[in-house]
Amino acid sequence: MPRFYVTTPIYYVNDAPHVGHAYATVNADALARWHRMLGDDVFFLTGTDEHGAKVAEAAAEHQMTPNAWADQVVSRFTRAWDGLDISNDDFIRTTEPRHHLAVQEFLQRIYDNGFIELDTYSGLYCVSCEDYYTEDQLVDGNCPVHGRPVVQMQEDNYFFKLSAFEDRLIEWYESNPDAVGPAGKRNEALSFIKGGLRNISITRTSLTWGVPVPWDKDHVFYVWYDALVNYLTAIGYGTDEERCNAWWPAVHHLIGKEILRFHCVWWPAMCMAAGIDPPANVFVHGWLLVGGQKLSKSLKLTEIAPEVLTEDFGVDPIRYHLLREVPLGSDGEFSYEGIVARYNADLANNLGNLVSRVATVVGSKCAGIGPAPNHQSALADPASAALAAAADAWGRFAPHEALSATWSLIGSTNAALEAAEPWKLEPGPDVDAVLGDALEALRIVSLLITPAMPSTAAEIWRRIGLSGNPADRRIPADASWGGYPGGLAVEKGSPLFPRRST
RNA sequence: GGCGGCGUAGCUCAGUUGGUCAGAGCACACGGCUCAUAAUCGUGUUGUCGCGGGUUCGAGUCCCGCCGCCGCUACCA
């Protein structure tokens, strides 16, 4: 059985979940759901990153222990994901014992392999970023991202000998052209590597809120270096070799472009240093922009909490919008107006209305019993084309194309109804043929939208009289033309997506 | 500064290796229909494909220059 291991970044707990987090997580979720329908053995991982100075500082400000602070923020993430129907198979927290064990095992191995050495580091540090800056990067002497003062830091650190992996990384990139996508991001990473790599500091003595360095009690690992290892922790690295080997390295890391360097340079090198293969695939998504600016708390644009949107529009419409509006890999505008426009056009007018009109005519012309489809239907080709295009698109991490292809079938079905005008015909074989085809198209549409809108898909499935859940069907076998049996009671129901006026 | 990318209808964008490539969706207009959530179906308008040269029988599609916009440029983590 093919395996599909997909990860989101683990989210830093100093920030409440917002649309940017939801974007990455919903995309990973839809991919996971698609692959489950393909029959793959799927492992979908998300979680939280809980170490580092920023968390310790935030906890202190609230007179809480870092652990208690993290617990509180983590619960907001888990609730947010429940609220978005996220189907993750595991939720990892970097403060868990299993993660400490994996990190220590992983980095001890790198140390033993001779790729970690002690050195002195000094630099200008922004606590908010968990990052160092050079003087010319500063804006008015402050952090360019947060606008906050930076601190001069100097300490003895252990350094990872990243420079030793320059050639191996280049070779890896050149022999694995699909390892990082989209191509533009791959080139960005590769050119960065070709520009020369320097060793990187991976431990801290200035704080204790982190994973202890096993060979030196005075140090904890720098937050980024423990965070990346989560992808291995969750599949049993260091404790369950068989399981780990089953899932690694065939992983798909879905990440945002702001953490490209960590995932496309540091992480593969760390894996090499530890003696394991680098991740098979890193897919880099873009940013959702509000008024052209990144969603970021310091820019005060994170007031867009996922739950506010789902309460307003519903869970599936928001999932749909996140998947459909912007090609994964590109930046895109995210706006209320944009959501309303797409909601009305795609969900209310096209899909929702199609379900309504079909159910109504089945009610009036077929006594509410759905007829079987015609095997020679003119909709058979559009249906198989939509299936093929969707499958291809999901395989390329292009949910927006998969959904676009699915909507072309919805359009063909609306047009077919218009051409046949079954509402004008007397009940009989002609009417049955038209409506059977429409019901079959809706059945296939239900399957194709399941990764994006699982609840809606199940509801359409139910309304047209089918039992079970479309998520349990198999693609492509169950999505080929002719699967609707006919003779099932079709329910009218209320509008799936009431049209929005604003 | 260096490297990379982008600039195509009002909006968002598709446009492989040069020859129906001037397109799609939305918006808009007109027409049809009235089963449906004033939904749907059909037809259509708008573009000097950033600007200027060049290569070619022929260039959004290749080359040069220019203008505008954007990304990356860790650093002795």
Side-chain angles (χ1 to χ4, degrees), chain A residues 119-126 129-137 153-155 157-160 162-163 182-204 222-225 257-258 260-262 264-266 284 286-287 289 292 324-327 330-333 335 337-338 340-366 400-401 403-404 407-408 410-425 431 434-435 438 492-501:
Chain A
D119 206 336
T120 301
Y121 176 74
S122 70
L124 301 167
Y125 185 80
C126 172
C129 299
E130 298 285 352
D131 208 350
Y132 284 88
Y133 290 96
T134 54
E135 296 216 21
D136 59 324
Q137 288 177 312
M153 302 270 276
Q154 175 163 352
E155 59 179 77
N157 290 165
Y158 285 96
F159 281 69
F160 172 57
L162 182 65
S163 59
K185 293 296 187 287
R186 170 187 184 274
N187 294 339
E188 193 175 307
L190 184 53
S191 67
F192 178 86
I193 295 165
K194 286 180 173 174
L197 296 175
R198 295 174 183 142
N199 296 339
I200 49 183
S201 161
I202 61 168
T203 68
R204 296 289 182 269
Y222 171 46
V223 57
W224 257 110
Y225 286 82
K257 63 180 186 177
E258 73 281 5
L260 181 149
R261 217 160 54 228
F262 298 111
C264 301
V265 182
W266 308 168
V284 186
W287 287 341
L289 307 169
R324 175 64 182 86
E325 182 69 5
V326 180
S330 304
D331 290 353
E333 281 291 324
S335 70
E337 294 74 13
V340 171
R342 193 166 281 292
Y343 174 96
N344 278 339
D346 293 359
L347 300 183
N349 295 354
N350 288 341
L351 175 57
N353 185 56
L354 175 61
V355 172
S356 287
R357 67 195 307 207
V358 169
T360 297
V361 183
V362 168
S364 63
K365 299 292 182 178
C366 308
H400 75 291
E401 286 186 48
L403 293 170
S404 173
W407 256 254
S408 73
I410 293 170
S412 297
T413 307
N414 269 319
L417 286 175
E418 210 64 40
E421 299 185 305
W423 47 87
K424 284 185 172 176
L425 306 176
V431 167
V434 173
L435 293 173
K492 172 75 169 88
S494 55
L496 289 170
F497 306 106
R499 191 178 162 78
R500 309 273 302 205
S501 53

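A note on names: the letters A, B, ... follow the listed sequences, proteins ahead of strands, and every chain is numbered from 1.
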Next on the checklist: I want to check something: taking the side chain as every heavy atom from C-beta on, are A:Asn199 and A:Asp119 in contact at a cut-off of under 4.5 Å?
Outcome noted: no
Next on the checklist: Give me the distance, rounded to whole Å, that separates B:A38 from B:G19 when you measure between the P atoms they each carry.
Outcome noted: 46 Å
Item to check | Minimal non-hydrogen separation, A:Asp331 against A:Gly286, with atom names | outcome: OD1-CA, 3.3 Å
Checklist entry - Which heavy atom of A:Thr203 sits nearest a heavy atom of A:Tyr158, and at what distance? => result OG1-N, 2.9 Å
Next on the checklist: Going by side chain to side chain contact (heavy atoms under 4.5 Å, CB included), name the residues that satisfy it together with A:Thr120, two or more places apart in sequence or in a different chain.
Outcome noted: A:Gln154, A:Asp156
Checklist entry - Taking the side chain of A:Ala345 as heavy atoms from C-beta outward, which of B:C26, B:U40, B:U73 is closest to it? => result B:C26
Checklist entry - The side chain of A:Asn350 lies closest to which of these nucleotides: B:U37, B:A74, B:U40? => result B:U40
Checklist outcome for this item: Taken to the nearest whole Å, CG/A:Asn344 to C1'/B:U40 is 15 Å
Next on the checklist: Once side chain to side chain contact (heavy atoms under 4.5 Å, CB included) is applied, do any residues pair with A:Ser412, and if so which ones, sequence neighbours excluded?
Outcome noted: A:Leu379, A:Pro382
Next on the checklist: Categorize A:Gly195 for me: base, sugar-phosphate, or nothing, with a 4.0 angstrom heavy-atom threshold over every strand shown.
Outcome noted: nothing
Next on the checklist: OP1 or OP2 of B:A74 versus the side-chain N and O atoms of A:Arg261: is any pair under 4.0 Å?
Outcome noted: no
Checklist entry - Looking across every strand, which nucleic acid part, if any, lies under 4.0 Å from A:Leu197 by heavy atom: base, sugar-phosphate, or nothing? => result base
Item to check | A:Tyr343 and A:Phe497 aromatic ring geometry - parallel, tilted or perpendicular at 30°/60° bounds | outcome: perpendicular
Item to check | A:Thr360 side-chain proximity, nearest of B:U37, B:A74, B:C35 | outcome: B:C35
Next on the checklist: Regarding A:Leu354, tell me which of base, sugar-phosphate or nothing describes its non-hydrogen contacts under 4.0 Å with the strands shown.
Outcome noted: nothing
Tabulated below should be each protein N or O lying under 3.5 Å from an N or O of nucleotides 30-34 of chain B; please produce it.
residue	atom	partner	partner atom	Å
B:G32	N2	A:Glu418	OE2	2.8

Next on the checklist: Within the 4.0 Å heavy-atom criterion, would you say A:Phe497 contacts the bases, only the backbone, or no part of the nucleic acid?
Outcome noted: base
Checklist outcome for this item: Expected string for nucleotides 3-17 of chain B under the B/S/- scheme (protein heavy atoms, under 4.0 Å, primed atoms plus P, OP1, OP2 as sugar-phosphate) is ---------------
Checklist entry - Where do A:Lys365 and A:Pro422 come nearest, in terms of heavy atoms and distance? => result CE-O, 3.8 Å
Item to check | Rounded distance in Å - CZ (A:Phe262) to P (B:A74) | outcome: 13 Å
Checklist entry - Distance between the P atoms of B:U46 and B:C41, in whole angstroms? => result 23 Å
Checklist entry - So what does the secondary structure string of RNA chain B come out as, 5' to 3', with Watson-Crick or wobble pairs under 3.5 angstrom, [ ] for crossing and | for pairs with another strand? => result (((((((..((((.....[...)))).(((((.......))))).....(((((..]....))))))))))))....
Item to check | Atom-to-atom span, CG of A:Leu417 to P of B:A39 - whole angstrom | outcome: 18 Å
Checklist entry - Could you give the CD1-to-C1' distance, from A:Ile410 to B:G25, as a whole number of Å? => result 14 Å
Item to check | Interatomic distance where CZ belongs to A:Arg324 and C1' belongs to B:C26 [whole Å] | outcome: 10 Å
Checklist entry - Hey, does the side-chain of A:Asn353 have a donor or acceptor N/O within less than 3.5 Å of a partner on the base of B:A36? => result yes
Next on the checklist: Between B:G60 and B:U73, how many Å separate the two C1' atoms, rounded to a whole number?
Outcome noted: 31 Å
Checklist outcome for this item: Taken to the nearest whole Å, NE2/A:His400 to P/B:G25 is 15 Å
Checklist entry - Do the side chains of A:Asp346 and A:Ile410 get nearer than 4.5 Å, heavy atoms only? => result no
Checklist entry - How is A:Ala415 classified with respect to the nucleic acid when contacts are heavy atoms under 4.0 Å: base, sugar-phosphate, or nothing? => result sugar-phosphate
Next on the checklist: Please give the distance between the C1' atoms of B:G18 and B:G54 as a whole number of Å.
Outcome noted: 15 Å
Item to check | B:C76 phosphate, OP1 or OP2, under 4.0 Å from A:Asn199 side-chain N/O | outcome: no
Item to check | Minimum-distance pair of heavy atoms, taken over all atoms of A:Ile200 and A:Tyr225 | outcome: CD1-OH, 2.6 Å
Checklist outcome for this item: A:Lys424 meets the side chain to side chain contact (heavy atoms under 4.5 Å, CB included) criterion, sequence neighbours left out, with A:Glu421
Item to check | Atom C1', compared across B:C67 and B:A24: separation rounded to whole Å | outcome: 29 Å
Checklist entry - What distance, rounded to whole Å, do you find between the two C1' atoms, one in B:G1 and one in B:C63? => result 25 Å
Checklist entry - Is B:G60 in the syn or the anti form, by the rule that syn lies within 90° of 0? => result syn
Next on the checklist: Donor-acceptor check, side chain of A:Asn353 to backbone of A:Ala348, threshold 3.5 angstrom: yes or no?
Outcome noted: no
Checklist entry - Would you say the side chains of A:Arg357 and A:Asn414 form a donor-acceptor pair under 3.5 Å? => result yes
Checklist entry - Are A:His400 and A:Val326 close enough, and set up right, to give a side-chain contact (heavy atoms from CB on, under 4.5 Å), and what steps lead you there? => result CA-CA 7 Å; A:His400 75 291; A:Val326 180; over 6 Å; no
Next on the checklist: Tell me the interatomic distance from A:Leu351, atom CG, to B:U40, atom P, rounded to whole angstroms.
Outcome noted: 12 Å
Checklist entry - On a whole-Å scale, what distance lies between the C1' atoms belonging to B:C13 and B:U17? => result 23 Å
Item to check | 5' precedence on RNA chain B between A:Trp266 and A:Ile200 (nearest-nucleotide basis) | outcome: A:Trp266
Checklist entry - How many Å lie between NZ on A:Lys257 and C1' on B:G71, as a whole number? => result 7 Å
Item to check | P spacing across the pair B:G50 / B:U61, given as an integer number of angstrom | outcome: 8 Å
Checklist entry - Would you say A:Asn157's side chain and A:Arg204's backbone share a donor-acceptor pair under 3.5 angstrom? => result no
